[in-house]
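In what follows, a structure is listed as structure tokens, so that the remarks can point back to it.
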Amino acid sequence: DVKVTQSSRYLVKRTGEKVFLECVQDMDHENMFWYRQDPGLGLRLIYFSYDVKMKEKGDIPEGYSVSREKKERFSLILESASTNQTSMYLCASTLAMLGAGSAIYNEQFFGPGTRLTVL
Amino acid sequence: SQQGEEDPQALSIQEGENATMNCSYKTSINNLQWYRQNSGRGLVHLILIRSNEREKHSGRLRVTLDTSKKSSSLLITASRAADTASYFCATDMNTGFQKLVFGTGTRLLVSP
């Protein structure tokens with residue numbers, strides 16, 4: 001069964017702390033994503049990675065960095081946490097798969113989320 | 001800005017009724033997907049419809065896609081209390097790397 005796990009369900013940190021959020025998938029997926037979810041704003045893409053050591057900025061990368069040293073693990077790093085980074089963080093992965101013609105079938109598999117509070 | 005906008009933002013119905021949620025988007029897409037999220041949890045994929053498809057079914061779910069109107073609808077028939085969740089549409093604009101752009105979601109409440 002497909003599984004994406006995140007290191008913590010709930011996390012409380014102080015302003016200025018360095019925060020690591022870990023995500024692990026066991027499906028041998030090439031692509032991994034970090035989103036944050038805020039009320040009324042839906043899911044917004046922070047960073048994604050399409051291969052080991054490769055990363056691309058999403059829509060809201062400011063204040064975040066990522067690391068992908070192994071295929072199954074994708075880490076989100078808050079270099080210096082701020083209160084406006086209080087949010088629900090969701091990790092997802094997907095297989096890089098080509099279907100018929102140029103269609104790409106890209107169902108994303110999500111972890112349970114980490115609710116981060118920065119005080 | 002969000003590619004997908006769901007309508008309504010919230011929907012409250014009784015068990016047994018049908019629930020319809022709509023999604024509008026702005027640019028051409030490769031496919032459109034619907035996801036479900038139970039309160040405080042991750043998202044679960046429900047159904048994917050490709051840009052050359054007009055309708056798709058999966059159990060009690062029916063999805064339509066109108067690319068000329070840039071809109072999609074998700075119909076849940078004979079709803080159950082367990083269907084209570086938030087529902088999101090997500091569009092793949094074929095920008096590469098299987099990126100999806102999610103809408104803001106519809107909160108569905110099904111009362112017994």
Side-chain angles (χ1 to χ4, degrees), chain A residues 1-6 9-10 23 25 27 29-51 54-60 87-115, chain B residues 1-10 21 23-26 28-53 56 58 61 63 65 67 85-107:
Chain A
D1 201 14
V2 162
K3 201 159 186 184
V4 179
T5 57
Q6 294 183 228
R9 288 298 318 280
Y10 300 94
C23 175
Q25 50 95 3
M27 298 163 283
H29 284 172
E30 289 82 5
N31 303 319
M32 297 186 75
F33 307 82
W34 274 107
Y35 299 90
R36 65 176 282 176
Q37 182 179 22
D38 301 287
L41 297 177
L43 277 75
R44 293 179 291 167
L45 182 63
I46 305 171
Y47 266 98
F48 66 99
S49 168
Y50 54 91
D51 202 351
M54 306 304 287
K55 60 185 179 185
E56 292 284 338
K57 293 180 180 178
D59 299 319
I60 51 164
S87 187
M88 173 74 131
Y89 289 88
L90 293 162
C91 173
S93 72
T94 190
L95 190 64
M97 185 171 72
L98 291 173
S102 61
I104 299 174
Y105 306 99
N106 54 349
E107 168 190 354
Q108 290 192 7
F109 295 88
F110 282 82
T114 295
R115 189 167 292 282
Chain B
S1 64
Q2 295 294 331
Q3 160 78 331
E5 297 290 339
E6 283 94 338
D7 170 58
Q9 289 187 331
M21 289 159 266
C23 171
S24 59
Y25 57 92
K26 298 173 184 173
S28 62
I29 60 171
N30 187 44
N31 65 62
L32 185 144
Q33 303 177 31
W34 286 90
Y35 287 79
R36 165 195 168 124
Q37 183 181 35
N38 285 16
S39 181
R41 309 294 298 186
L43 278 70
V44 175
H45 181 264
L46 294 176
I47 196 165
L48 179 153
I49 187 165
R50 291 173 284 176
S51 60
N52 61 353
E53 296 177 315
K56 205 160 183 180
S58 176
L61 305 180
V63 169
L65 179 65
T67 53
S86 291
Y87 293 82
F88 294 86
C89 69
T91 51
D92 170 14
M93 294 182 286
N94 202 19
T95 55
F97 307 117
Q98 287 81 44
K99 283 171 57 182
L100 296 178
V101 179
F102 287 82
T104 52
T106 292
R107 283 178 286 109

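Per chain, numbering begins at 1; letters A, B, ... match sequence-line order. In this text, all values refer to a predicted model and were calculated from it rather than measured experimentally.
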Open item on the list: A side-chain contact here means heavy atoms from C-beta on lying under 4.5 Å apart; do A:M88 and B:R41 qualify?
Closed with: no

Task: Donor + acceptor pair across side chains of B:Q37, A:Q37 (<3.5 Å) - done: yes

Minimum heavy-atom distance [X]-[Y], with the two atoms named:
X      : Y      : result
B:L43  : A:F110 : O-CB, 3.3 Å
B:L100 : A:Y35  : O-OH, 4.1 Å
B:Q33  : A:E107 : OE1-CA, 3.6 Å

Open item on the list: Taking atom CD as the centre, does B:E53 end up with more than 12 heavy-atom neighbours from other residues, nucleotides or ligands that are less than 6.0 angstrom away?
Closed with: yes

